[in-house]
Amino acid sequence: MSNHQVKKGLNRKWLSLLALAALFFSLLLAPLAAANQASAATTDPTLEKIQKRGKLVVGLSADYAPYEFHTQQNGQDKIVGFDVSLAQAIAKKLDVKLEIKDMGFDALLGSLKTGKIDMIVSGFTANEERRQQVDFSKVYLKAPQTMLVLKKNENKYNSLEKLSGQKVGAQTQTVQEDTAKSIDGASVVSLQKYSNLISQLTQGVLAGIVTEKPIADAYAEQNKSFAVVNPGFSSDTTGASAVAVPKNSPALLAKVNAVVDQVTTDGTFSKWQKQANKAMFANENKSYWDKYGHYFLSGTLITLALAVVAVLIGTTLGTIFALLKLSSSFLLRAIGNIYVEYVRGTPLLVQAFMVFFGAQVLGLNLSAFASGALAMGLNSAAYVAEIIRSGIESVDDGQMEAARSLGFTKNKTMRLVILPQAVRTILPALGNEFVSVIKEGSVISVIGVGELMYETSVVQGASFEPFVPLIITSLIYFVLTFSISRALGFVEKRMNR
């Protein structure tokens, strides 16, 4: 045998040994790799955050009885409903506490994506558009779409053809809105609050409201002037409620699915539905004020607190920006002008969402109240800046010259001579701004701040009365603004003396 043949045989032997060694180590490490994969499958970033915090934050819109709604139990306000019961079961499965965040329905998705909440349990339908942004659990409730109409129009609007040319209502950003838009010839009115839709239906503005059957049945049972009709919606429009969680949360989703599987198969969810229906009519024997008076009181106090904080922020920042606009520096004037024009040129609603979600993106987990007060303060600052600027400019130029001739610096002259004189001029305008801030606080309810308008919608949803709570709220706003206006008028007269 030649040397070449020997070397070739040795090489083959070494290759065989290496192959056997690789096979041996792969078999040895396979269980470890499987264990690591199993470990990775039992957790994910969202689940780790929930367990580390020891609290599951669930977002919902509690104006949708019997899914979720406010009620009074043992003198305390509570959010109940079968969605809440499901959220409690999920929190128990995760071995953490449950925190409910009540907010406008159209704020839920943004809150989930920015980390303000951990999941949505609010009759949230899993459609394809939403699946691109969040992940969904298995469906826990399928409910056909129906139409809630006035009893007297029960036969008038009992088919899709009869709804052509009529105004049809639906809650914004819902499957019901899509269903309403599919009605040929119908004009769709989309509103955020379901109670506002009920109000328009009661007044005859809407021919009907597209809603899921459990909701329609609840309103028809409570108010005999309503009726439920099926105008012929296709089975494709059936609502499929599921729990929404952030993308890439497989471990959390698996635990949610385990809860959904259990409660929908052992009869627990059906029991929750019966309990929710019973809770809707639990306080029927109490007077209207006994049932809902504390909501109006709480909302009024929070409205005043929002206004005070917003005015303090607005006055402080407004003074700064007014001085920037009057500065001799081009850069400082530009900063002042850009801020004032931008804020005055955008709605407070947009600014509230920007602060609420933007703070979370920046790592600042501000509460709904803090976000709302800050948004209102920043908005007010732009208007206050113009008020103060005009007040300063109304002071005679000779005042500045006289103070400078006495040796005052420009800053000291502004602080001790000009601003005190400007206050008398601007006080009525500042008072009007305070009154405006009180009324503008109603916009902040969309992010879940429990101010007066928010509590009004709570009462509307709990009482099934869309109009009476609005009358009470309007009277409260009138008393607040009228009292403040009279107080400011008194102060203005004393200053004039």
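Heavy atoms only, all atoms of each residue included: Val149 and Ala207 are closest at CG1-O, 3.5 Å. When every heavy atom of Ser442 is checked against every heavy atom of Met453, the shortest pair comes out as CB-CB, 3.6 Å. When every heavy atom of Gly372 is checked against every heavy atom of Ile444, the shortest pair comes out as CA-CG2, 3.5 Å. Between Ile335 and Leu324, the shortest heavy-atom distance links the atoms CG2-CD1, 4.2 Å. Annotation for Tyr140 and Ser122: closest pair OH-N, 4.4 Å, computed over non-hydrogen atoms. Pairing each heavy atom of Met147 with each of Val168, the nearest pair is CE-CG1, 4.1 Å.
The backbone N or O of Phe69 sits nowhere less than 3.5 Å from a side-chain atom of Asp63 that would complete a donor-acceptor pair. Listed for the Arg344 side chain is no donor-acceptor partner under 3.5 Å among the backbone atoms of Ala382. Counting only distance, with no hydrogens or angles, the side chain of Thr303 and the backbone of Leu452 share a donor-acceptor pair below 3.5 Å.
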Only distances under 3.5 Å count here; give the side-chain donor-acceptor pairs of residues 313-322 to other protein atoms, sequence neighbours excluded, each with its distance to 0.1 Å.
residue: Thr315; atom: OG1; partner: Val311; partner atom: O; Å: 2.7
residue: Thr316; atom: OG1; partner: Leu312; partner atom: O; Å: 2.8
residue: Thr319; atom: OG1; partner: Thr315; partner atom: O; Å: 2.7

Using a 3.5 Å cut-off and no angle test, enumerate the donor-acceptor pairs between side-chain atoms of residues 475-488 and protein atoms at least two apart in sequence or in another chain.
residue: Thr481; atom: OG1; partner: Tyr477; partner atom: O; Å: 2.9
residue: Thr481; atom: OG1; partner: Phe478; partner atom: O; Å: 3.2
residue: Ser483; atom: OG; partner: Val479; partner atom: O; Å: 2.7
residue: Ser485; atom: OG; partner: Thr481; partner atom: O; Å: 2.8

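Inspection of the Gln275 and Ser85 side chains reveals no N or O donor paired with an N or O acceptor under 3.5 Å. Side chains of Lys113 and Gln133: a donor on one and an acceptor on the other come within 3.5 Å. Defined by atom type and a distance below 3.5 Å, a donor-acceptor pair is missing between the side-chain atoms of Ser61 and Glu68. Side-chain contact check for Thr125 and Asn127: no donor-acceptor pair (N or O, by modelled atom type) lies under 3.5 Å.
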For this session: Determine, stepwise, if the pair Gln171 / Tyr64 fulfils side chain to side chain donor-acceptor pair (under 3.5 Å).
Result: CA-CA 10 Å; Gln171 196 172 29; Tyr64 207 52; 4.9 Å; no
Problem set entry | Stepwise ring-ring contact (aromatic ring centres under 6.0 Å, His included) test for Phe124 and Phe105 | CA-CA 9 Å; Phe124 213 57; Phe105 191 84; 5.7 Å; yes
Problem set entry | side-chain contact (heavy atoms from CB on, under 4.5 Å) between Val175 and Gln145, worked out | CA-CA 9 Å; Val175 172; Gln145 306 300 337; 4.1 Å; yes
Exercise. What's the verdict on side-chain contact (heavy atoms from CB on, under 4.5 Å) for Val340 and Glu386, showing C-alpha distance, side-chain angles and the deciding distance?
Worked result: CA-CA 8 Å; Val340 170; Glu386 288 297 276; 3.9 Å; yes
For this session: Walk me through it: do Leu108 and Leu112 pass the test side-chain contact (heavy atoms from CB on, under 4.5 Å)?
Result: CA-CA 6 Å; Leu108 290 173; Leu112 182 62; over 6 Å; no
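Other residues, nucleotides and ligands place no more than 12 heavy atoms under 6.0 Å from the CD atom of Glu129. Crowding of Lys247 atom NZ: a count of heavy atoms from other residues, nucleotides or ligands under 6.0 Å exceeding 12. Around NZ of Lys49, the count of heavy atoms belonging to other residues, nucleotides or ligands within 6.0 Å exceeds 12.
Taking the side chain to side chain contact (heavy atoms under 4.5 Å, CB included) definition, one finds that Lys55 meets it with Arg53, Val57, Glu99, sequence neighbours left out. Residues that satisfy the ring-ring contact (aromatic ring centres under 6.0 Å, His included) test with Tyr219, not counting sequence neighbours, are Tyr194, Phe464. Under the side chain to side chain contact (heavy atoms under 4.5 Å, CB included) criterion, Leu430 pairs with Val384, Ile387, Ile426, not counting sequence neighbours. With sequence neighbours excluded, the residues that form a side chain to side chain contact (heavy atoms under 4.5 Å, CB included) with Thr172 are Asp106, Glu177, Ser190, Gln192. In this view, Tyr292 and Tyr288 satisfy the ring-ring contact (aromatic ring centres under 6.0 Å, His included) rule, not counting sequence neighbours. Residues forming a ring-ring contact (aromatic ring centres under 6.0 Å, His included) with Phe226 (at least two apart in sequence, or on another chain): none. For Arg131, the side chain to side chain contact (heavy atoms under 4.5 Å, CB included) test picks out Ala126, Glu128, Phe136, with sequence neighbours left out. In this structure Phe434 satisfies the ring-ring contact (aromatic ring centres under 6.0 Å, His included) test with no other residue, sequence neighbours excluded.
In this structure the side chain of Leu252 reaches within 4.5 angstrom of the side chain of Ile50, judged on heavy atoms. Counting only heavy atoms from C-beta outward, the side chains of Ser249 and Leu47 never approach each other to under 4.5 Å. Side-chain contact check for Ile100 versus Leu60: some heavy-atom pair is nearer than 4.5 Å. A heavy-atom distance below 4.5 Å is not found between the side chains of Asp118 and Val245. You'll find the side chain of Gln176 stays beyond 4.5 Å of the side chain of Ile209, heavy atoms only. Val243 has its side chain within reach of Met119: a pair of non-hydrogen atoms, C-beta onward, lies under 4.5 Å apart. Between Met376 and Leu306, the closest side-chain pair of non-hydrogen atoms falls below 4.5 Å. A 4.5 Å side-chain heavy-atom check between Ile90 and Leu56 finds at least one atom pair inside the cut-off.
The line from CD1 of Ile117 to NZ of Lys101 is 8.5 Å long, rounded to the nearest 0.5 Å. The distance from the CG atom of Leu150 to the OG1 atom of Thr202 is 6.5 Å, given to the nearest 0.5 Å. The distance from atom CZ of Phe467 to atom OG of Ser199, rounded to the nearest 0.5 Å, is 7.0 Å. How far CG of Asp77 is from NE2 of His70: 5.5 Å, rounded to the nearest 0.5 Å. Atom CG of residue Asp178 and atom CD of residue Gln173 lie 10.5 Å apart, to the nearest 0.5 angstrom. Rounded to the nearest 0.5 angstrom, Lys325 NZ and Ile388 CD1 are separated by 12.0 Å.
The side-chain hydrogen bond (donor to acceptor under 3.5 Å, both in side chains) pairs that include a residue from residues 444-462 are Asp102-Tyr454, Ser195-Gln460, Thr456-Thr473, where partners are two or more places apart or lie in different chains. The list of side-chain hydrogen bond (donor to acceptor under 3.5 Å, both in side chains) pairs with a residue in residues 356-367, not counting sequence neighbours, is empty.
For Phe353 and Phe356, the distance between ring centers is not under 6.0 angstrom.
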